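Report on the following structure.
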Amino acid sequence: MLRAKSLTKVAVPPSLIDHPSPANLQPTRLALHVSEDGSSCWVYIASGCQIYKLQVALDDSLVSEGKDSLLIPVHRQVMNSFMVNRCPHRSEIQSIVLAETESTGYSMLGTVDSYGHLIVTKLDTDGKDVEKLSYSVLPRDCGIGESGWAGLCFNPIQLSMAAVARSFCKTVDVYDQDIHIRTLCTLLYPTSLCFMQSSRYGNESSILAVTEGCQLSVWDLRMKENGGCLQRICGSLGDDFYTVCSSSTGNIAVGGADRTVTIYDPCRWATLSRWVHCSKYEITGLAFSSVDSNHIYIQGVDYEVFCGDWKENSKVFSFRGDSNWLGFSKCQNRDVVGGWCDSGSIFVADVVDL
């Protein structure tokens with residue numbers, strides 16, 4: 001059973017960001033990195049063309065419940081905050097991703113703007129920039145196409161590989177550092193993407209899951225037939241998917257306008273579970289638990305974030321933001337979940353197994 005060890009609420013200093021840019025429906029403009037001693041975490045947020053970094057304490061505190069069993073956050077001050085000194089984008093940043101591995105001792109911070117311009121920076125274990133280890137990749141159309149939402153994900157096995165989805169262009173571009181590998185053409189507007197994590201694919205992960213409209217498409221980067229499309233699963237017509245994520249066991253979860261979380265088995269491409277109407281409004285964020293893959297974190301448009309058991313279709317705990325979510329993310333290797341609201345508030349939950 002999972003429980004929230006702490007739930008912290010901090011406010012972004014107005015001197016750092018006065019009015020955040022609106023971005024898109026998908027809250028993909030926040031990333032988390034927990035310090036080595038676990039006493040604090042760095043929160044990366046993107047507004048406009050810049051990235052900002054804030055340090056939030058993860059001290060143990062008594063988590064109390066309020067109305068409807070919602071967790072009540074503890075108000076704290078930001079320990080440290082500043083603008084990240086790196087090459088700025090020329091248009092609004094749409095997605096920010098922090099990929100890290102325990103073996104290499106470094107992480108990759110990637111951002112993509114509304115025209116598909118990708119900038120990647122290598123960070124050390126303290127979150128500091130490693131000089132001269134950044135690269136930038138221009139979109140294939142050199143940025144003359146139509147701007148819109150753009151998504152980003154790193155290959156968890158090979159951090160040099162990244163995939164960039166551009167909504168209005170209906171494309172997914174795959175890069176190995178600054179070298180373009182191939183372009184995948186989707187049928188509908190892509191809304192989310194992730195590399196699958198599963199031992200059944202050996203030591204490499206070449207399988208990419210993409211939500212496009214009301215469909216989930218699965219792509220194999222090694223395959224040429226059918227444009228690389230391995231499988232296509234259709235949801236309810238008219239109910240678009242907004243988010244997709246993969247667990248350590250390889251299961252795929254999707255959620256969207258139908259307010260339902262669906263879990264798929266990649267071995268048989270069959271439905272393992274459907275948690276129908278688990279959210280009051282559209283689902284725009286999902287993340288499997290790193291502690292127990294039978295639990296999943298769900299973020300909805302109604303400001304609510306909750307953890308639940310997808311096998312039992314039951315909620316474990318939940319908390320609410322105070323306005324629209326601009327960013328939502330979970331730390332890659334730990335159950336630390338964070339969200340950034342339009343009001344300037346940041347919520348960080350540290351979750352442990354009982």
Side-chain angles (χ1 to χ4, degrees), residues 11-33 42-55 78 80-99 107-123 127-154 162-169 171-173 175 177-178 180 190-193 284-285 323-329 338-346:
V12 178
S15 58
L16 191 68
I17 304 177
D18 190 12
H19 299 290
S21 58
N24 209 286
L25 178 66
Q26 298 97 313
T28 52
R29 295 192 296 162
L30 179 143
L32 298 171
H33 171 72
W42 288 100
V43 181
Y44 295 84
I45 56 177
S47 178
C49 304
Q50 300 286 354
I51 300 176
Y52 304 89
K53 185 177 177 181
L54 304 94
Q55 188 177 17
V78 174
N80 197 3
S81 64
F82 52 88
M83 185 176 69
V84 177
N85 184 20
R86 70 197 292 255
C87 178
H89 286 268
R90 294 186 177 181
S91 63
E92 184 186 38
I93 296 174
Q94 296 295 312
S95 296
I96 176 172
V97 175
L98 186 66
S107 58
M108 305 296 289
L109 176 67
T111 55
V112 61
D113 62 23
S114 57
Y115 285 97
H117 183 196
L118 170 66
I119 298 179
V120 178
T121 304
K122 182 178 286 189
L123 307 177
K128 297 179 180 179
D129 294 0
V130 179
E131 295 182 0
K132 300 180 181 180
L133 289 176
S134 299
Y135 59 89
S136 173
V137 184
L138 290 174
R140 301 293 292 169
D141 58 6
C142 299
I144 61 175
E146 189 172 2
S147 65
W149 179 83
L152 169 67
C153 69
F154 286 101
V164 175
R166 299 180 63 190
S167 179
F168 287 146
C169 296
T171 59
V172 177
D173 292 302
Y175 302 95
Q177 289 193 358
D178 56 351
H180 180 262
T191 54
S192 182
L193 75 167
T284 53
S323 59
N324 294 326
W325 294 109
L326 297 179
F328 167 77
S329 181
W340 174 37
C341 295
D342 187 26
S343 63
S345 300
I346 293 178

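None of the values given here were measured: they were computed from a predicted structure. The basis for the numbers below is simple: all heavy atoms, side chains too, and nothing from hydrogens, waters or symmetry mates. In this chain, residues are counted from 1 in sequence order.
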Minimum-distance pair of heavy atoms, taken over all atoms of Q177 and V137 | O-CG2, 3.8 Å

Are any non-hydrogen side-chain atoms of H180 and R140 less than 4.5 angstrom apart?
-> yes

Is the shortest heavy-atom distance from the side chain of T284 to the side chain of W325 under 4.5 Å?
-> no

Residues A46 and W340: closest non-hydrogen pair is O-CZ3, 3.3 Å

Any side-chain heavy-atom pair of T111 and Y44 under 4.5 Å | no

Check S21 against S47 and note the closest heavy-atom contact, atom names and distance.
-> N-OG, 3.0 Å

Separation of Q94 CD from D113 CG (nearest 0.5 Å) = 8.0 Å

Kindly compute the distance separating CG (L109) from NZ (K53), expressed to the nearest 0.5 Å.
-> 9.0 Å

If you round to the nearest 0.5 Å, how far is CG of L193 from SG of C153?
-> 3.5 Å

If you measure from CG on L326 to SG on C341, what distance do you get to the nearest 0.5 Å?
-> 7.5 Å

Sort out for me which residue in D141, V112, V172 forms a side chain to side chain contact (heavy atoms under 4.5 Å, CB included) with R166.
-> D141

What one should report as the nearest heavy-atom pair of Y175 and L118 is CD1-CD2, 4.2 Å

Derivation of the side-chain hydrogen bond (donor to acceptor under 3.5 Å, both in side chains) call for S107 and H33 = CA-CA 9 Å; S107 58; H33 171 72; 5.0 Å; no

W149 vs T28 side-chain heavy atoms within contact, under 4.5 Å = yes

Main-chain N/O of S134 paired with T121 side-chain donor or acceptor, under 3.5 Å | no

Which pair of non-hydrogen atoms, one from V78 and one from Q55, has the smallest distance, and what is that distance?
-> CG1-O, 3.7 Å

Any side-chain heavy-atom pair of I51 and I45 under 4.5 Å = no

Heavy atoms, side chains only, cut-off 4.5 Å: are L138 and Y115 in contact?
-> no

I93 and Q50 have their tightest heavy-atom pair at CD1-O, 3.7 Å

State, with a plain yes or no, whether a side-chain heavy atom of E92 is found less than 4.5 Å away from one of P22.
-> yes

Check: D342 main-chain N/O paired with S323 side-chain donor or acceptor under 3.5 Å = yes

Short side-chain to backbone donor-acceptor contact, R29 and I96, under 3.5 Å | no

Look up atom OG in S329 and atom CG in L98, then write down how far apart they are to the nearest 0.5 Å.
-> 8.5 Å

Within-4.5 Å side-chain heavy-atom neighbours: P13 and L54 | yes

